Amino acid sequence: MDSPEQKITKTVSRVDASKESMANSRQVIGINFCGPTPLMWRADDLKSVRELGIIGTLVGSLARQPRQNTRLGRPLELLPEEGRLLADMGRAAVIPDSTNEDPEVNPEQVEQYHAGLENSFQEQGALALEDRKATLMRVMTKKHNGKETSSLTYRHLCETSELSVLALTALCFLLENSGSQEDSDGAVRDRLEALAHGFSFPRPAMAVQLCTARAGLSHCPEVRRFLAADWPIPRDERSETRFRVFRDLRRQGFYLTSAGKFGGDYLVYPGDPLRFHAYFIVVCISMDESMPLCDVLAIARLGSNVKKTVLLCSSGGSQEDDGEEVVYTSLQWSGMV
Amino acid sequence: MYLQLNKHVKSLVLLCFTAGGVTDSLYVFVPRGNLVKAVWIPSDMIVELQSPAGKFWQTMGFSAHGKQCLHPEEALYLMECGNLQLFYQDLPLSIQEGYERFLYSKTMSVQHYQVFGHLKRLGYVVNRFDPSSVPSQYERQLNLPQSQDRSGRLPKRKRSHSPTSRHTGTQEGPTSKRMEEEKDCNREEEDKNPDSLPDLSAPDIDEIQTASHVDPTTSTKGGQGRSWWSKEGSPGPDSELPGHPQSSPRWDFSSIPFPDLGSRSWLPSSLTSPDPCLLPGAVGSVGACDVAPWLQRLNLREVRMSRRECERERDRDRYRRDINQDREVRRCRNWAEYQELQGRRIQRSRRDRPTHLWERPVTPLHDPAQVTSTGELLDKISVIKSTRLLEGASSLKGSEEWRICFNIYQPDTVAEFKKSAPGKPYSRMCVCSFDGPVPDLWTLKLLAFQSGDVPVTYAVVDHGDISFYSFKDFQIPTDTSF
């Protein structure tokens, strides 16, 4: 099971490198809002966003192993600050919600869909036939070479073809009882032709594509810039403070994720979270807010328990977007000096 | 160093994403025959299945209008697992479209769906919470057998259609038999046509030999008056709609006089006839009742006390003293002396209770002469009374912000899980986030009360990360051993 995945990885990384070298024009990443939550659906968007240092959280089921919680799949949920930073950088655009646009059935699209299904069916039928032929060849050669191959081997070979076994076992049975060991090439050809004639790929055995992301107008990155909507999250003082702290830390090269379970706003990593433990827990408070002592003690105690430094962050008093300072105060449990 | 590591990170990251599929779609290698098809109906916010449901039907979905249906979050979860293909306007929906169409409301948002999906992937059975399905405190006390289906479907009874004779006006046999007959014919009526009026039922019961016409009003009243007999709580076949809670009893017992035949003060000679509406159906009006034969059956003899009882009475009488017999009082010549005597007596009796403590408006909390246990004493001097979580919870009004969303059943009950009789859930879930307010005591009490005796768990969603919290009642033990 490992080899096919490795292969995919290698080809994609090659393709990706070439893409990067080719397309210097940046692709706009699309962000879809589901209520107040920013989500990302397209796999290449996810990759480019990760390279920009935005981590996010995968929240959907993993396609190949849906019934487990350790590894999740798309969509990627972004922190509101992450999305806003991407939009401010010009790298992302909000794709407007188009769910309520078509009240009636669109016959063209339905036709396209059915045509696509039919094509897929034909392709799969051809592939299935090839697969069966290959299996048959293997069986025949095995019989040729190994004089005493048991029926178990035949069945094993049949089952590895992933298709329904009935017709194939009948064929194998015939092969077993063919008796003569002098199968010449002619006999093999005959058998293959018989298979080709008698083969039919049943419709219920067709594999069907279930899409994760929506296909549609938002597919092309150029169109996304055109379609971009305004950032729908309202801005208040607290989210403004959080955003400024986020932007400042991101500028310094840190990677940030959410830290609700640690009692803070962000967890700060010196590099990609896959490789490092968090160094800091960031708690954003406004400059003029007074923090009760027991809260300070609580957060300090928490930080020392999990071996992270607590950073109390506030953005400077100025209202300008750029040039304001973020003030950091760290709390670390130390002995008496 | 950093650049080299960067390359490794890239491959790691790519591995993460490729596990989810490089392409934008998921190829399901389930033969198409196993994929359940369904249609999204936005007006009802329901997904209707077009092909028969698979194994998931045991724990998910419901039947409506004769079709198998799913809630939107259940359908979305099945789509993510690759078991369901959802169509809308003849085109298949992608998971992204599912999210955008189903998860925009406050009742089912992205956070709710994340909790739902998380628990379903772990194997729990998760249903939507219905506040009316929680039995009230009184119902729990009664420990009623849970009715199978509250939608009003009446149980099928296996019994032979034996003819029952119903004669109005005559009293044949003991009243219990009569009541049983009434019960049978009442149930027959309910069985045959649960919603139509009872006068239509008379021609249906033609198999019964005596075709006496049953007065519809009396049978109705009989049915209503006997609503407490039918186990399922669904009342008689007239105005009450099935599914409504049981009707209150028709009789106001405070206004019905029950004569006390045993009292010595009032001995009536005869009792007046009771109101015909209080009597079982076909009896009609009975005449006045002669009391004498009943009184004969009562034991009206005088109680003859035994010797010991007589002695006890005498001892009690001894302590009732006549104040004029008191020698000291006799010695008092005037009212002032009597007052002095009283004052002296009081002082003597209250020697250890000084007046400056006990005669003021504010008295000591505890009289040492009174014997109490340590526990009671501690209770007396406690400033803060301990309270339980559900105290005062019944008077709380509902809240828009805090709601119980789901019922959770444990994974090991999946084999015997029945949607019609799921039993008591393992827990109930309320979804909130770290950005929102922390649940205060008011919320805790409200939700604990709404949930009945099932514990409430709070699922806090923090941008994809879910933590579960629950609040438990705890009494600090008091040490009364000293």
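So you know, we letter chains A, B, ... as the sequences are listed, proteins then strands, and number each from 1. None of the values given here were measured: they were computed from a predicted structure.
For A:Glu77, the part sitting under 4.5 Å from any heavy atom of chain B is the side chain, from C-beta outward, and nothing else. For chain A, no part of B:Tyr113 is nearby; none of its heavy atoms comes within less than 4.5 Å. Using a 4.5 Å cut-off between heavy atoms, A:Thr37 contacts chain B through its side chain alone, with no backbone atom that close. Interface residue B:Leu84: only backbone heavy atoms are found under 4.5 Å from chain A.
Counting non-hydrogen atoms of other residues, nucleotides and ligands closer than 6.0 Å to CD of A:Glu111 gives a total of 12 or fewer. Within a 6.0 Å sphere centred on OH of B:Tyr104, other residues, nucleotides and ligands contribute 12 heavy atoms or fewer. Summarising the local packing, NZ of B:Lys418 is surrounded by 12 or fewer heavy atoms from other residues, nucleotides or ligands at distances under 6.0 Å. Remark: A:Glu118 CD is packed, more than 12 non-hydrogen atoms of other residues, nucleotides or ligands lying under 6.0 Å away. Surrounding CD of A:Gln252 are more than 12 heavy atoms belonging to other residues, nucleotides or ligands, all under 6.0 Å away. In the displayed structure, B:Phe471 atom CZ is contacted under 6.0 Å by more than 12 heavy atoms of other residues, nucleotides or ligands.
Nearest heavy-atom pair, B:Arg121 versus A:Asn69, reported as atom, atom and distance to 0.1 Å: NE-OD1, 2.9 Å. In plain terms, the two heavy atoms of B:Tyr99 and A:Cys34 that are nearest each other are O-SG, 3.3 Å. Summarising the geometry of A:Ser258 relative to B:Asp462, their closest heavy-atom pair is OG-OD2, 3.2 Å, with the distance given to 0.1 Å. The two atoms that bring A:Val110 and B:Gln89 nearest to each other are CG2-O, 3.9 Å, heavy atoms only. For the residue pair B:Pro92 and A:Tyr113, the shortest heavy atom distance occurs at CG-CE1, 3.4 Å.
In this structure, A:Trp41 CH2 and B:Glu100 CD are separated by 7.5 Å, a value rounded to the nearest 0.5 Å. The CG atom of B:Leu91 lies 8.0 Å from the NE2 atom of A:His114; values are rounded to the nearest 0.5 Å. To the nearest 0.5 Å, atoms CG (A:Asn32) and CD (B:Gln96) are separated by 4.5 Å.
Within the 4.5 Å cutoff, side-chain heavy atoms of A:Lys261 are placed close to those of B:Ser467. Side-chain contact check for B:Leu122 versus A:Arg67: every heavy-atom pair is 4.5 Å or farther apart.
Distance alone, capped at 3.5 Å, places no donor-acceptor pair between the A:Ser61 side chain and the B:Cys81 backbone.
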